[in-house]
Novice: 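This is the structure I want to talk about, given as structure tokens.
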Amino acid sequence: MFAKQGVMNKPLRDALVTSVSARSINNMAKEFAARTPSLDQSIAYWFVNGEEPKEERSVRGVEALSEAKLDEYVGRLLIALDLPELQATAVEQALNDVKDIMAAEGDLLEGALKRGALATQWARAVARTRRIALSPQRSELVRYDPAAHVGEDDLRIGSEVRVLTPGVVKEGRGGVSVILIKAEVENSNG
């Protein structure tokens, strides 16, 4: 009854183990857990083994840290792909300038342009799936907030600043956005 309610009644389990035997209680607990799939996994483990699953908690923590790190890496990839010198128009212009004079180098640039466009498309798809986006955008004018921006020490909170490198946010539950990477900003006056 306690196990079905999610309660780990250690004194009761210890008394049963003392009066019957650990092996008998463990076998009965295994049979009961097998017949009760609605039992919480950690409660079932405790019920069968008499102790909480130590690994399970650390695995969840490691998974959460891995997910957070992956989100940061995806964000950094978006920032890297947002660089002005990587824009397709600049590469296309270089391709047009080089292709007629140096055909082999032109083919190389053309292949890089196609692969770069494909990599950008996949990175954005992964980011959308993980609800990650650049915010604010490069060159956007915003009000300085040290919680969301990195800039010179002399910037005043609320002053108008220009975004040099976009930040990265992740949309969480309930539409609340979490800042993964702060935007780099400079004073908009110069």
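What you see is a predicted model; the values in this text were computed from it and never measured.
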Novice: Write down the atom of P136, the atom of P166, and the distance for their closest heavy-atom approach.
Specialist: O-CB, 3.1 Å
Novice: State, with a plain yes or no, whether a side-chain heavy atom of L155 is found less than 4.5 Å away from one of V161.
Specialist: yes
Novice: Transitively linked via ILVMFWY side-chain contacts under 4.5 Å: L81 with I132?
Specialist: no
Novice: Would you tabulate the side-chain donor-acceptor contacts of residues 101-120 under 3.5 Å, counting partners in other chains and residues two or more places apart, or write 'none'?
Specialist:
unit_1, atom_1, unit_2, atom_2, d
E110, OE1, K99, NZ, 3.3
R115, NH1, G111, O, 3.4
T120, OG1, G116, O, 2.9

Novice: If Ile, Leu, Val, Met, Phe, Trp and Tyr residues are connected whenever their side-chain heavy atoms lie under 4.5 Å apart, and connections chain through other members, are I179 and Y144 in the same group?
Specialist: no
Novice: With rounding to the nearest 0.5 Å, note down the distance linking NZ in K170 to OG in S177.
Specialist: 11.0 Å
Novice: Are L70 and L78 linked, directly or through other ILVMFWY residues, by side chains that come within less than 4.5 angstrom of each other?
Specialist: yes
Novice: What verdict does the side chain to side chain contact (heavy atoms under 4.5 Å, CB included) test give for E152 and N187, after you've listed the backbone C-alpha separation in whole Å, the side-chain angles of each residue and the deciding distance to 0.1 Å?
Specialist: CA-CA 8 Å; E152 299 287 325; N187 193 332; over 6 Å; no
Novice: With distance as the sole test, does S24 use its side chain to make a donor-acceptor pair with the main-chain N or O of S21 at under 3.5 Å?
Specialist: no
Novice: Do the side chain of R131 and the main chain of E171 share a donor and acceptor less than 3.5 angstrom apart?
Specialist: yes
Novice: Are any of the side-chain heavy atoms of V169 and V178 separated by less than 4.5 Å?
Specialist: no
Novice: Any chance you could measure L180, atom CG, to S135, atom OG, to the nearest 0.5 Å?
Specialist: 11.0 Å
Novice: Quick check: does any side chain N or O of K182 sit under 3.5 Å from a backbone N or O of V168, one acting as donor and the other as acceptor?
Specialist: no
Novice: Would you say the side chain of V163 lies within less than 4.5 Å of the side chain of Q137, judging by non-hydrogen atoms?
Specialist: no
Novice: Nearest 0.5 Å, please: how far is CG in D71 from CZ in R76?
Specialist: 12.5 Å
Novice: Determine, using the 4.5 Å side-chain heavy-atom cutoff (strictly less than), whether L77 and Y73 are members of one ILVMFWY cluster.
Specialist: no
Novice: Identify whether I181 and V74 are in the same connected component of the hydrophobic contact network (ILVMFWY, side-chain heavy atoms under 4.5 Å).
Specialist: yes
Novice: Do H149 and V142 have side chains that approach each other closer than 4.5 Å (heavy atoms only, starting at C-beta)?
Specialist: yes
Novice: Just so I know, are the side chains of E140 and R162 near enough to count as touching, which here means a heavy-atom distance under 4.5 Å?
Specialist: no
